[in-house]
Enquirer: 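Below are the structure tokens for one structure; questions will follow.
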Amino acid sequence: MTEVDASHAGPALEWDTPLFRMASAQFQQALPYCGVSDMVAERLSYPERAVIVSVPLRRDDGSIQIFPGYRVQHSTVLGPTKGGLRYDPHVDLGECAALATWMTWKCALLQLPYGGAKGGIRVDPHGLTPRELEKLTRRFTSELVREIGPQSDIPAPDMATNEQTMAWIMDTYSMLKGYAVPEIVTGKPISLGGSLFRREATGAGVVMVTEQAGRRQGWELAGKACVVQGFGNVGGVAASELHDRGARVVGVSDISGGLYSQAGLDVPALHAYAAAHGSLEGYDLCERITNEQLLELPCDVLIVAAREDQLHADNAPRVQAAMIVEGANGPTTLEADEIFRERGIPVVPDILANAGGVTVSYFEWVQDLGRLFWDRDEIRRKLADKMGTAFDRVFSVAEEKGITLRQAAMVAAIRQVAAALEARGIYP
Ligand code: NAD
């Protein structure tokens, strides 16, 4: 076996932040169960490439402001990299590196021919006008034109980016190439080659695995008390899917705070209110609670679908959910994970639970490349098949090895990438 020198001289690498250390620790915790070589373990510990750009924007008042932009590509072992772009004041290199690493495991777990990437701009998107957001997106795209591509790295929406953002990226990239390249992004409008069911895919996938996990424990979703943190693309759709299956959605929240009703909230009315007002702020047809209280409500299922670091050492001992499902990426800290393990509360991990989005993104890319489009039922059925297969793999590894669902998901994913890396070897 080739010997690997795991030490790198000098100070910590630039992406070495708390979130990246969390992603690395999860990888290290799974490694003893994976049976992979030192070469594989060491190579997959690092993102392959990280790019920082500075993006100038001429504001509507004529002034110029510069925003840092990032793109991190974790692994190209299985194919091009794939991952979202977010606009958020917290974006940094470490966050992108952690999220890119999780994307590698998510794609591998779902057996998609991709590695992980993530990127974004450090900006408060609510402080910009639509015109400014468009200019910022177009300039960011041109700064990244050498990094992204339909065969190299395919962006998608994430926090505060959406179909419109993807349309601007597709248009800018196509203008630079001289012909239409719809397969450069996923999560774009249907009129540009977007896929039916992409918008709903992540939230729907979250509920598909919640239903399967319930069945494993001998119960059905109908009538169960569910709490959803986050009412955006993931949480909002998950709440609707739960409601449609007859579950009682007793609590939801967004950045403005939480809403609670023991009898179950009127989810369609909440969507109508959020569409009209931009958020749930001011909705007063039920009890208002804080986000902290929401996470500690007694319930059968808690879906955390807002952002990272929401369940931590302080609140984990007070969580009263029978099961936690991670709609967001990285919502549970390592300390909270350990507390839930000790308390016997299963956590369905992000790389399984929220993989519906990248799976239908993969379907979108395949449809664009083939210029052949599928109907909604076919996409939903294909998604259910993929999620079901991944779910069964995770649960059987967890049972066989007596490890947590997160460790089992990581083991299944790491083995998938490791087999390919062993076969390819290290170039040259
Ligand atoms: P979004 O911007 O559409 O929605 C985020 C929601 O969370 C909003 O309702 C916002 O108000 C709320 N929120 C933000 N901070 C909060 C806080 N501190 N407390 C309570 N609510 C808060 O974003 P999204 O696309 O739904 O993504 C949510 C999470 O899911 C992110 O972690 C993202 O990386 C992950 N994710 C998204 C997708 C996708 O397809 N959109 C796929 C996989 C994972």
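For ligands, and for the atoms within them, numbers begin at 1 and follow the listed sequence. What you see is a predicted model, and the numbers here were worked out from it, not measured in a lab.
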Enquirer: Sequence neighbours left out, what passes salt bridge (Lys or Arg N to Asp or Glu O under 4.0 Å) with R131? Give chain and number order.
Expert: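 Scan of R131 (salt bridge (Lys or Arg N to Asp or Glu O under 4.0 Å), adjacent residues dropped) gives D60.
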Enquirer: Below 4.0 angstrom, N of the basic side chain to O of the carboxylate: do R248 and D300 qualify?
Expert: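 No salt bridge links R248 with D300.
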Enquirer: Pairs of nitrogen or oxygen atoms, one from ligand 1 and one from the protein, closer than 3.5 Å: please tabulate them with distances.
Expert:
residue  : atom   : partner : partner atom : Å
ligand 1 : 3 (O)  : N233    : N            : 2.9
ligand 1 : 9 (O)  : F231    : N            : 3.0
ligand 1 : 9 (O)  : G232    : N            : 3.3
ligand 1 : 11 (O) : I255    : N            : 2.9
ligand 1 : 19 (N) : N291    : ND2          : 3.2
ligand 1 : 26 (O) : N233    : N            : 3.2
ligand 1 : 26 (O) : V234    : N            : 2.9
ligand 1 : 32 (O) : N329    : N            : 3.2
ligand 1 : 34 (O) : R86     : NH2          : 3.1
ligand 1 : 34 (O) : D158    : OD1          : 3.0
ligand 1 : 34 (O) : N329    : ND2          : 2.9
ligand 1 : 40 (O) : R198    : NH2          : 3.4
ligand 1 : 40 (O) : T202    : OG1          : 2.7
ligand 1 : 41 (N) : N233    : OD1          : 3.4

Enquirer: Would you say D350's side chain and G330's backbone share a donor-acceptor pair under 3.5 angstrom?
Expert: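 Such a contact is found between D350 side chain and G330 backbone.
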Enquirer: Whether E296 and R318 form a salt bridge (side-chain N of Lys/Arg under 4.0 Å from carboxylate O of Asp/Glu) is what I want to check.
Expert: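 The answer is yes: the pair qualifies as a salt bridge.
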Enquirer: With a 3.5 Å cut-off and sequence neighbours excluded, list the donor-acceptor pairs that the side chains of residues 89-100 form with protein atoms.
Expert:
residue : atom : partner : partner atom : Å
D92     : OD1  : G94     : N            : 3.1
D92     : OD1  : E95     : N            : 2.7
E95     : OE2  : R86     : NH1          : 3.4

Enquirer: List for me each residue that meets salt bridge (Lys or Arg N to Asp or Glu O under 4.0 Å) alongside D124, sequence neighbours excluded, and say none if there are none.
Expert: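 In terms of salt bridge (Lys or Arg N to Asp or Glu O under 4.0 Å), with neighbours along the sequence ignored, D124 is linked to no residue.
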